[in-house]
Number of protein chains: 2
Amino acid sequence: MKKEAQSTPESTILNAAKGIFQRKGMAAARMQEIADEAGINKSMLHYYYRSKQLLFEAVFKSAFSTLAPQLNEIINADNSLFDKIINFTQNYISFIVKHPYLPNFIIQELNMNPEFVEKLFSEKMPNIDKFRKQIENDVKDGLIKPIKAEQLFINILALNVFPFVGAPLIKGFLNLDDDDFLKLMHERKIEVSNFIINAIKI
Amino acid sequence: MKKEAQSTPESTILNAAKGIFQRKGMAAARMQEIADEAGINKSMLHYYYRSKQLLFEAVFKSAFSTLAPQLNEIINADNSLFDKIINFTQNYISFIVKHPYLPNFIIQELNMNPEFVEKLFSEKMPNIDKFRKQIENDVKDGLIKPIKAEQLFINILALNVFPFVGAPLIKGFLNLDDDDFLKLMHERKIEVSNFIINAIKI
DNA sequence: ACATTTGTTAACCATTTGGTTGAACTAAAT
DNA sequence: ATTTAGTTCAACCAAATGGTTAACAAATGT
């Protein structure tokens, strides 16, 4: 075997930990289970990451720094508002279909550890001024109906993120199997951007 | 003290358990903590509810049966589509502001125990046929743009439920304190229904 | 009054869990 | 060859956790 990607012990452990933590959450995850998944002795976990808490934080940061840039696209990309909505929706849904546990994991642990929020956002605070300017200009130019940047941002996030976080609820209410559900999600790659654009365009 | 509402030992325990379980989740909740919150001995928990699992299920069912009727309004209420959207949005947001931990708790535990889904929905399966008919008729009558009932249902749910589930994420990205956030949520009682109606009306 | 059921408690128990230790093993550096 | 630093593991440990027990108190029925 050549050197596939990079496979240091650290990365082996981190990947195993990602799988377990993201599927079961911090509280329900077991160090032994992570060790098994990584195919190593439990002591190694503590050797490379001192404690469960630190291992968890490494996993969480890694997960968060995967998701955050995606969301940043909304407020920082340079294209027009409608293009932005179309692109983000396309990209985000494709992205999450590949990482189905990500958004739920992040949201869940963020709800459990509210102190994470300030820690994560204190360093590189996102700035919505650019996005707000864009909205205000488009409103002034008569391109879209008046709407607060914050509300539009929340709506874009909600329409794209929620279906994956609330998947079991949706599957239950609409009586969908995994296949039906995935089909609906792929439809949403155009459905959602149309919906948003129709909602705001004049 | 007269008999306030009803305060059987069972209900005292259940209420304490609700608080702890909904705030910390099944895995992180401790039986001792629930006992303390209820002001009773830990053995009482096992006396009235046999195990942590059963106590948890009682809490979950109670929580779910509080939330489910709210969501059922969308697919079963008798009013016109636009009224339905307006009413649901108003009611749901007011409802959740009073029960902030509910949707996150349900969604989280549903994600952790996918087998709950069939158990919960097998008895009283929701039926979207009525809602689907309504959409199809309104489309035929030229009242709204073509849209699948499933997609519209997901969108309504997303726009209303997500902001509360993803609150920490939103607060972080938009740099909001609790007060700003709550203000935005109250704005959404009309904002969201306008948004949806604009998106679909012709 | 007595017996039986129901409710309540402190002490206890077995298991699980995160974490530690010390010895063995490796591989480069001296 | 010997030291030295890093790596791996089996065995171990203390604390926590869900759950049980046995004795005791309070109702409840007869």
Side-chain angles (χ1 to χ4, degrees), chain A residues 1-63 105 108-109 112-113 115-116, chain B residues 1-63 105 108-109 112-113 115-116:
Chain A
M1 306 298 161
K2 325 284 154 57
K3 43 176 169 178
E4 318 232 355
Q6 20 139 267
S7 102
T8 67
E10 282 95 332
S11 69
T12 306
I13 292 175
L14 198 68
N15 283 332
K18 267 185 203 172
I20 304 292
F21 275 133
Q22 294 188 13
R23 239 174 305 130
K24 322 245 280 187
M26 162 71 168
R30 296 292 160 238
M31 293 296 269
Q32 186 59 58
E33 207 179 355
I34 295 173
D36 292 347
E37 175 106 346
I40 55 161
N41 189 287
K42 183 161 66 88
S43 299
M44 291 290 91
L45 299 184
H46 292 96
Y47 182 75
Y48 286 104
Y49 302 82
R50 283 170 48 94
S51 65
K52 185 183 184 185
Q53 181 65 26
L54 286 177
L55 177 54
F56 169 76
E57 281 174 23
V59 168
F60 186 83
K61 272 177 199 157
S62 165
F105 172 66
Q108 180 52 25
E109 298 299 340
M112 291 304 184
N113 311 46
E115 73 277 10
F116 278 11
Chain B
M1 306 293 165
K2 326 283 155 57
K3 43 177 168 177
E4 318 232 355
Q6 21 141 261
S7 104
T8 67
E10 282 94 331
S11 69
T12 307
I13 292 175
L14 198 68
N15 283 333
K18 267 185 202 172
I20 304 292
F21 276 132
Q22 294 188 11
R23 240 175 303 129
K24 323 243 283 186
M26 161 71 167
R30 298 289 159 241
M31 293 295 269
Q32 185 59 59
E33 208 180 353
I34 295 172
D36 291 348
E37 176 104 347
I40 56 160
N41 189 288
K42 183 162 67 85
S43 298
M44 288 290 91
L45 300 184
H46 292 97
Y47 182 76
Y48 286 104
Y49 301 82
R50 285 170 48 90
S51 65
K52 185 185 184 185
Q53 181 64 28
L54 287 176
L55 176 54
F56 169 76
E57 282 174 23
V59 168
F60 186 83
K61 271 176 202 159
S62 165
F105 172 66
Q108 179 53 24
E109 299 299 340
M112 291 304 184
N113 312 43
E115 75 276 10
F116 277 12

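Reminder, nothing fancy here: chain letters follow the sequence lines and each chain counts from 1. Model, not experiment: these values are computed from the prediction.
The salt bridge (charged side-chain N to carboxylate O under 4.0 Å, His left out) pairs that include a residue from residues 31-50 of chain B are B:Arg23-B:Glu37, B:Lys24-B:Glu33, where partners are two or more places apart or lie in different chains. Among residues at least two apart or in separate chains, there is no ring-ring contact (aromatic ring centres under 6.0 Å, His included) pair with a member in residues 36-55 of chain A.
Checked against side chain to side chain contact (heavy atoms under 4.5 Å, CB included), B:Asn15 has the following partners two or more places apart in sequence or in another chain: B:Lys18. Considering only residues two or more places apart in sequence or on other chains, B:Ser11 meets the side chain to side chain contact (heavy atoms under 4.5 Å, CB included) condition with B:Gln6, B:Thr8. Under the rule for a side chain to side chain contact (heavy atoms under 4.5 Å, CB included), the partners of A:Met26 that lie at least two apart in sequence or sit in another chain are A:Phe21, A:Lys52, A:Gln53, A:Phe56, A:Glu109. Taking the side-chain hydrogen bond (donor to acceptor under 3.5 Å, both in side chains) definition, one finds that B:Ser43 meets it with B:Asn41, sequence neighbours left out.
To the nearest 0.5 Å, atom CG of residue B:Leu45 and atom CD1 of residue B:Ile13 are 5.5 Å apart. Expressed to the nearest 0.5 Å, how far CD1 of A:Ile20 lies from CE of A:Met31 amounts to 11.5 Å. For the atom pair NZ (A:Lys61) and CD (A:Glu57), the distance works out to 5.5 Å, reported to the nearest 0.5 Å.
Residues A:Val59 and A:Phe105 have side chains in contact (heavy-atom distance under 4.5 Å, counting atoms from C-beta outward). In this structure, B:Ile40 and B:Thr12 have side chains that are not in contact, with every pair of non-hydrogen atoms separated by 4.5 Å or more.
Residues of residues 33-63 of chain A having a heavy atom closer than 4.0 Å to DNA chain D, listed by number: A:Asn41, A:Ser43, A:Met44, A:Tyr47, A:Tyr48. Residues from residues 12-30 of chain A placing a heavy atom under 4.0 Å of any atom in DNA chain D do not occur.
Taking the 5' to 3' direction, DNA chain D first and last meets chain A under 4.0 angstrom from a heavy atom at D:dG6 to D:dA10. Protein chain A touches strand DNA chain C; the 5'-most and 3'-most nucleotides with an atom under 4.0 angstrom of its non-hydrogen atoms are C:dT17 to C:dT21.
Residues B:Ile34 and B:Ala16 come closest through the heavy atom pair O-CB, 3.8 Å.
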